[in-house]
Amino acid sequence: MKHVKPYALEYGLMVATLLVSVLGFWKIYFGESADPNAFHHLHVVTNAIWLGLLFYQLRLVGNMRFGDHRRVGLAILAIAPLLVATTALLSVRSAYKGIVSGQCDFLIVQNVDVLISFVPQFKIEGPETFYRFGTAAITGQVICVVVALLFVVKDFRHGWPLLLAAVFFPLNDVIRFSLDKHKLIGPLTEFVASGNQPLTFIASFGVMLALLAATGMLSAKRRGATP
C-alpha cells in the first residue's frame, strides 16, 4: 500500500472513469428500451481493454516495476489504434443512423449522455428543458478542467497533457456551435455517414499505428544520437 498512496489521485481518476463508463452504457444494456448491438459490444470491449491496461500499468508503477511498465506499454501499438478505429467506426455508424432517421447527428462532436441520463437536474423532460443539454455539457467541461488542474498542481511536468486534453472539450463545443450557426451540422453528418464503415476502421487503425510507430522511431533515434 505504501506505493499506492503517491498515486492516489491517479487511482481516483481511473475509478471515476470506470464508473462513468458503466453509467454511460447502463441504459443501453439495462434500460427500459435496452437493445445493445454489435457496435455497442465492440465499444465496451475496446474501452474495457484500454482501462484495464491503464490500471495494470499504474499498478506496475506503484510497485516500482518500471521496466515491466515500459514493456507492457508497447501494447499501446495495438490497443490505441484499435480504440481510435472503433471510435471512427462508431462515428460513421452514428451519423448514418442520423441520416436514416431524418435527424442530424447533433452529438457528432460531443456526447454528454451520462449527465443527461442520471442527474435529475439535467434530464430532458420536454422542449422547455432542452437548455439542460447545454448545462450538462458545461458542467462536464468544468469537471474535466478542474480534474486536469489538480494533476497540473500535483506535477506540472507530467500533468499538463491532461489539461491539454481537457481543453479539447470546450473546443469541441465551440466547433459544434459554429457548425450549428452556419447550418453545417447536416452536411457534416451526411459526409461522415457516407464513409465506408469497414474501410473507415481499417484506415483509422493504420494511420494511428503509423503515427505511433513513427513517434517511437523518432524517440529511438534521439536516444541513439545522445552521446
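In what follows, residues are counted from 1 in the order of the sequence shown. Small disclaimer: the values here were computed from a predicted structure and weren't measured.
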**Message:** Between Ser94 and Leu90 (side chain of the first, backbone of the second, donor and acceptor by atom type, cut-off under 3.5 Å), is there such a pair?
**Reply:** no

**Whether His182 side chain and Ser178 backbone form a donor-acceptor pair below 3.5 Å** = yes

How many angstroms lie between atom [atom1] of [X] and atom [atom2] of [Y], to the nearest 0.5 angstrom?
X	Y	atom1	atom2	answer
Asp155	Glu10	CG	CD	8.5 Å
Leu60	His69	CG	NE2	7.0 Å
Leu89	Leu42	CG	CG	6.5 Å
Met14	Phe55	CE	CZ	4.5 Å
Ile28	His40	CD1	NE2	4.0 Å
Met208	Thr87	CE	OG1	10.5 Å

**Request:** Only counting residues at least two apart or in another chain, list the ones meeting side chain to side chain contact (heavy atoms under 4.5 Å, CB included) with Leu163.
**Result:** Ala148, Leu149, Val152

**Request:** Using side chain to side chain contact (heavy atoms under 4.5 Å, CB included) as the criterion, list what pairs up with Leu9, not counting sequence neighbours.
**Result:** Leu150, Phe151, Lys154

Please indicate whether [X] has more than 12 foreign heavy atoms, meaning atoms of other residues, nucleotides or ligands, lying under 6.0 Å from its [atom1].
X	atom1	answer
Phe66	CZ	yes
Tyr96	OH	no
Tyr29	OH	yes

Is there a path from [X] to [Y] through hydrophobic residues (I, L, V, M, F, W, Y) whose side chains come within less than 4.5 Å of each other?
X	Y	value
Leu74	Ile79	no
Tyr56	Val15	yes
Tyr11	Leu51	yes
Val142	Leu13	no
Val146	Leu162	no

**Message:** Once side-chain hydrogen bond (donor to acceptor under 3.5 Å, both in side chains) is applied, do any residues pair with Arg71, and if so which ones, sequence neighbours excluded?
**Reply:** Asp68

**Request:** Would you kindly say whether Asn37 and His41 are connected by a side-chain donor-acceptor distance under 3.5 Å?
**Result:** no

Write down the atom of [X], the atom of [Y], and the distance for their closest heavy-atom approach.
X	Y	result
Ser204	Ala85	CB-CA, 3.8 Å
Leu209	Leu77	CD1-O, 3.1 Å
Pro170	Ala166	CD-O, 3.1 Å

**Asked** What residue among Asn196, Val92, Leu82 forms side-chain contact (heavy atoms from CB on, under 4.5 Å) with Phe201?
**Response** Leu82

**Message:** By the definition side-chain contact (heavy atoms from CB on, under 4.5 Å), identify the one residue from Ile76, Leu212, Val207, Leu211 that meets it with Pro81.
**Reply:** Leu212

